Amino acid sequence: MINSDILYNLILANKERCKEGKVADYIPGLKNANKENFGICIMDNNNKISYAGDYEKKFTIQSISKPLILMLAILDNEEDYIFSKIGMEPTGDPFNSIKKLETSFSKPFNPMINAGAIAVSSMIKGDSSEEKFNRVLDFIKKISENPNLDYDRDIYHGEKITGNRNRSMAYFMKNDGIIEGDVEEALDIYFKQCSILITAFDLAKIGLFLANNGVTSYGERVVSIHTAKLVKSLMVTCGMYDGSGEFAVKVGIPAKSGVGGGILSLVPGKMGIGVYGPALDLKGNSIGGYALLEDISNLLSLSIF
Ligand code: GLN
């Protein structure tokens, strides 16, 4: 296991990279993020934990919620049903792109882009919108082993007010029967799930859960091995959006980024890694987080390929 001092030195070595990026600025709550924040946490199977920098700083999970609620949706629905409505292919387009929806009868290419994730949100079971979101939050609490998780109300309102591109995709999908339930309800769950506050420490825990194919550190199996593998495969092919191919070459591990600046990553069977750096590259991936993961992967020969 890499020790915390080495992680600290890697943070220092990559700090300059963060200055090249830009924080997400579509809502004030994200725009106010500090570009200098930079943190990492790694947890392995032998209960060893290393960390450095702002690994306890809270930020919004954003798109990292996508693979997580996919697991809950698979618990709630037949897998065949989900993938009759959503594909498993990378798009090569930005995460919020709408263009392929029109040529695919609204079927989103995969659950890691906005359109696919909103369709997944529409499949979460519950008697009311509140109950559905609470089930999402409880699920993420369980796999992060953090009972204190909550969502940021200001960011949620910002997402809801500015989310017209997401709204248009959702109505497009409703029109073609991809979304079967209430569109606004699905969007509300999606906006709330994006606003859940998380840390690099929490992400490392979730990474370890996936690394161990769906079992928590206290031994509870939450999802099947099959589901964990499915999610990790989609993280490899689609988790870094239209940067997934390059990330697979340069870093070579399953990962999922969010515009809040987090990256959830893991080495199958071995460790979970959470990073945070809100300055993003042009594709919406944490620029410092990416560089850090590349260095660590090279140093420890982590590529799964
Ligand atoms: N809330 C963001 C959106 O819906 C999430 C996108 C992301 O993290 N890439 O556009």
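Please read all numbers here as calculations on a predicted model, not as lab measurements. Computation of the quantities below employed the complete heavy-atom set of this structure, encompassing side-chain atoms and omitting hydrogens, waters and symmetry-equivalent molecules. In each ligand, atom 1 is the first atom listed, and ligand 1 is the first ligand listed.
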Exercise. Below 4.0 angstrom from a heavy atom of Tyr26, which ligand 1 atoms are there? Numbered from 1 as shown, please.
Key: 1 (N), 2 (C)
Quiz item: Tell me: protein heavy atom nearest atom 5 (C) of ligand 1, and distance?
Solution: Gln62 OE1, 3.3 Å
Quiz item: Which ligand 1 atoms does Asn166 reach within 4.0 Å, using its non-hydrogen atoms?
Solution: 3 (C), 4 (O), 10 (O)
Quiz item: Counting only heavy atoms, which portion of Arg165 has something under 4.0 Å from ligand 1: side chain, backbone, both, or neither?
Solution: neither
Quiz item: Any N/O of Ser257 closer than 3.5 Å to an N/O of ligand 1?
Solution: no
Practice problem: Determine, for Lys15 against Glu36, whether the closest basic-nitrogen to carboxylate-oxygen distance falls under 4.0 angstrom. | Solution: no
Practice problem: Consider ligand 1: state whether an atom of it lies below 4.0 angstrom from any non-hydrogen atom of Phe191. | Solution: no
Quiz item: Can you list the ligand 1 atoms lying under 4.0 Å from a non-hydrogen atom of Tyr190?
Solution: 3 (C), 4 (O), 5 (C)
Self-check item: Where ligand 1 meets Phe95 - atom numbers and elements under 4.0 angstrom, heavy-atom basis
Solution: 6 (C), 9 (N), 10 (O)
Self-check item: Side chain proximity check, Ile124 to Phe139, heavy atoms < 4.5 angstrom
Solution: no
Quiz item: Is any side-chain N of the basic residue among Lys142 and Asp138 closer than 4.0 Å to the acidic one's carboxylate O?
Solution: no
Practice problem: Check ligand 1 against Gly258 and write out every atom of the ligand that is under 4.0 Å from a heavy-atom position of the residue. | Solution: 8 (O)
Exercise. Taking only Lys NZ, Arg NE, NH1 and NH2, and the carboxylate oxygens of Asp or Glu, determine whether Asp76 and Arg135 approach each other closer than 4.0 Å.
Key: yes
Quiz item: Which pair of heavy atoms, one from Lys100 and one from Thr91, lies closest together, and at what distance?
Solution: NZ-O, 2.8 Å
Exercise. Could you tell me whether Tyr156 approaches ligand 1 through its side chain, its backbone, both or neither, with non-hydrogen atoms closer than 4.0 Å?
Key: neither
Quiz item: Closest approach of Glu89 and Asn110, non-hydrogen atoms and distance?
Solution: O-ND2, 3.0 Å
Self-check item: From the candidates Ile27, Asn114, Asn96, the one that places a heavy atom nearest atom 10 (O) of ligand 1
Solution: Asn114
Quiz item: Which value, rounded to the nearest 0.5 Å, describes the distance between Phe201 atom CZ and Tyr51 atom OH?
Solution: 8.5 Å
Quiz item: Do you know which two heavy atoms are closest between Ala186 and Ile118, and how far apart they sit?
Solution: CB-O, 4.2 Å
Quiz item: Is the shortest N/O to N/O distance between Tyr241 and ligand 1 below 3.5 Å?
Solution: yes
Exercise. May I ask you to identify the nearest protein heavy atom to atom 6 (C) of ligand 1, giving residue, atom name and distance to one decimal place in Å?
Key: Ser63 OG, 3.1 Å
Quiz item: Considering distance alone, does some N or O of Val259 sit under 3.5 Å from an N or O of ligand 1?
Solution: yes
Exercise. Verify whether one side chain among Asn148 and Lys141 offers a donor that lies under 3.5 Å from an acceptor in the other.
Key: no
